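Report on the structure given below.
Bear in mind the structure is a predicted one, so any value in this text is a computation, not a measurement.
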Protein chains: 2
Amino acid sequence: MKKENKSKYAILGMLFDKPQSGYEILQFMKESTTHFWQESDASIYPMLKALERDGLVTSRSEFVGKRERKIFEITASGKKYFLTWMALPAEKENNRSELLLKLFFGATTTQEENIKQLVMRRGQAQETKRIFRRIAEQTLSQVSDEHPHKQFWSMTLRYGLKLAEAELEWLDECINILKNK
Amino acid sequence: MKKENKSKYAILGMLFDKPQSGYEILQFMKESTTHFWQESDASIYPMLKALERDGLVTSRSEFVGKRERKIFEITASGKKYFLTWMALPAEKENNRSELLLKLFFGATTTQEENIKQLVMRRGQAQETKRIFRRIAEQTLSQVSDEHPHKQFWSMTLRYGLKLAEAELEWLDECINILKNK
DNA sequence: GTCGACATGTAAATAGTTACATGATTCT
DNA sequence: AGAATCATGTAACTATTTACATGTCGAC
């Protein structure tokens, strides 16, 4: 069974509510799904073209002066295709972690180097928490409680916060163990 | 800057202590690093060949009857290469999560379907916890406390447990929210 | 004798990223 | 005038997976 490119579902989902350009989708992803889903411009434009070819979206060009904006709209068959995917069980992804790999091999190097790695990641995890708080304050607070998306956006945000906190606890645990040796 | 293939470091790390065959490395990974690092046979054999070409490992053939086993041994320059990587800061990986993507788009479908996704993942997370416990009991308990690897192996295991528990808490939270609507 | 685990590999396809390329508009 | 952002795209490359291919050995 060949591996499926799931980018198309992310794009169709973004178009589900309202027509948008590729650029707008990218911008919105950067401030919403970026911590669990990202697309690059080199992937989104060809994918939009493929979706149009397959009749899942249609496009029209708008012009602001001479600057073109290609607005994509999801079709009925696109919505059906998207909802079919929504009903399928989400695949559990096997993620690689370079930090855990280095820690696994920690015995090959010095305690100082191991601690340095963990402390660096601790800084990153704290930064991640700050970013999530900013999304909550700047993006999510703008959305009305009646907005059907709000509770789901909160949940994904809460996931990021909760996991970042668990990681921080683990990092502190490990740093303490290595320091008291 | 081109992206680097990190498989070679995983392999060199596995060879750091003792010479092994590709198959043995794969077997050991399956019972140790599989939840944060995996290689497939189609990646490990070509990579071992490349490492030998670059002088980072050497190989010799052993025979058990007619069955060949190619044993790879890390060289001095291989160890140096590996330790240089160990000293570099671990890259923070941007992982994609299909579950979070589906939940993000939860408003496009029914509460029942959303709950179903979360309940399914809860089962997987519990299974993950069971697997980690088995590793602790079957693999890690066999390793002496004096073994230099033990504390690091415990830490990576503890990470898996801690994150799985945080995920379970989050899943229960979300399931409750969706059920009481 | 045949099934599953052992053991090593290649071929083909796909996914995903980086770098490249172009030009418009807005802000300072 | 120049920099930053808007906006869309292609080319080239690298990584990674799936499927294929081959043969050995031990257990039942």
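- At C:dG16, one or more side-chain N or O atoms of B:R96 fall inside 4.0 Å of OP1 or OP2 (strictly under the cut-off).
- For B:Y9 and A:F105, the ring centers are positioned 6.0 Å apart or more.
- Separating the CG atom of B:N5 from the P atom of D:dC13 is a distance of 17 Å, rounded to the nearest angstrom.
- Rounded to whole Å, the distance from CD on A:E4 to P on C:dA15 is 8 Å.
- With respect to B:R96, the salt bridge (Lys or Arg N to Asp or Glu O under 4.0 Å) criterion is satisfied by exactly one of A:E91, A:E93, A:E39: A:E39.
- In this structure, a donor-acceptor pair under 3.5 Å is absent between the side chains of B:N95 and A:H35.
- The cationic atom of A:K102 (NZ for Lys, CZ for Arg) lies less than 6.0 Å from the six-membered ring centre of B:W85 and within 45° of the ring axis.
- Annotation: side chain of B:I25 is in contact with side chain of B:M29 (closest heavy-atom distance under 4.5 Å).
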Just do the side chain to side chain contact (heavy atoms under 4.5 Å, CB included) check on B:L51 and B:Y81 with the steps written out, would you?
CA-CA 11 Å; B:L51 290 173; B:Y81 189 76; 5.7 Å; no
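- To the nearest angstrom, C1' of D:dT17 lies 12 Å from CD of A:E91.
- Across the protein-nucleic acid pair, B:W37 atom CH2 and D:dT16 atom C1' stand 12 Å apart, rounded to whole Å.
- Looking at A:Q27 and A:E24, their side chains never come closer than 4.5 Å, going by heavy atoms from C-beta outward.
- Scanning residues 50-69 of chain A for heavy-atom distances under 4.0 Å to DNA chain C yields A:V64, A:G65, A:K66, A:R67.
- For the pair A:E39 CD and C:dT18 C1', the computed distance is 16 Å after rounding to whole Å.
- Within residues 10-28 of chain A, no residue has a heavy atom under 4.0 Å from DNA chain C.
- In this entry the distance linking NZ of A:K30 with P of D:dA7 reads 12 Å, nearest Å.
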Between the protein and nucleotides 10-12 of chain C, list the N/O to N/O atom pairs that are separated by less than 3.5 angstrom.
{"residue": "C:dT10", "atom": "OP1", "partner": "B:K49", "partner atom": "NZ", "Å": "3.4"}

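- Taking the six-membered ring for Trp and the full ring otherwise, the centers of B:F28 and B:W153 sit less than 6.0 Å from each other.
- Taking the side chain as every heavy atom from C-beta outward, B:Q20 and B:F72 never approach each other to under 4.5 Å.
- Using modelled atom types, one finds a donor on one side chain and an acceptor on the other under 3.5 Å when comparing B:E113 with B:T109.
- A salt bridge is defined here as a Lys NZ or Arg NE, NH1 or NH2 lying under 4.0 Å from an Asp or Glu carboxylate O, and A:R60 with A:E73 meets this definition.
- The CG-P distance, from B:N95 to C:dG16, rounds to 12 Å in whole Å.
- One atom, CG of B:L48, and another, P of C:dA7, lie 15 Å apart when rounded to the nearest Å.
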